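Everything quoted here is computed from the prediction, not taken from an experiment.
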Amino acid sequence: GHPLGMSGARITVWYEEEDKNNRKVDVPYIGIVKSCDPREGLYVQFESYEDQEMLITNEDDWRWGSHSGGRKPPERSFQR
């Protein structure tokens, strides 16, 4: 199997954004893994941005599967 899981897997990435009160909140974005590069990271296509792929690395807060809510995931590594 592939070390980084399979393309087509669902992934959630949390991005820090500011709400209307200028407080920092973590907003989850759910996408599909399109491809992965062991040196670079995961190329993800988000549901709201279907015309572009984003590169996700271990610098990002992400987790396998579909998650909602603004809490950051506890684990943020490529290991299973």
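Nearest heavy atoms, E18 versus N22: OE1-OD1, 3.6 Å. L55 and D60 get closest at one heavy-atom pair: O-OD2, 4.0 Å. Looking at every heavy atom in both residues, H67 comes nearest to P28 through O-CB, 3.8 Å.
The line from NZ of K34 to CD of Q45 is 4.0 Å long, rounded to the nearest 0.5 Å. Taking OG of S68 as the start and CD1 of I30 as the end, the distance is 6.5 Å to the nearest 0.5 Å. Put simply, CZ on F46 and CE on M54 are 5.5 Å apart, with the number rounded to the nearest 0.5 Å. We find the CH2-CG distance between W62 and L42 to be 5.0 Å, quoted to the nearest 0.5 Å.
Residues that satisfy the side-chain hydrogen bond (donor to acceptor under 3.5 Å, both in side chains) test with D51, not counting sequence neighbours, are absent from this structure. For the side-chain hydrogen bond (donor to acceptor under 3.5 Å, both in side chains) test, no residue two or more places apart in sequence or in another chain qualifies with Y15.
Using a cutoff of 4.0 Å between basic side-chain nitrogens and carboxylate oxygens, R10 and E47 are scored as salt-bridged.
With hydrophobic clusters built from ILVMFWY side chains whose heavy atoms lie under 4.5 angstrom apart, Y43 does not share a cluster with I11.
Here I32 is tied to no hydrophobic group at all, with no ILVMFWY side chain closer than 4.5 Å.
Judged by distance alone, the side chain of D19 and the main-chain N or O of N21 form a donor-acceptor pair under 3.5 Å.
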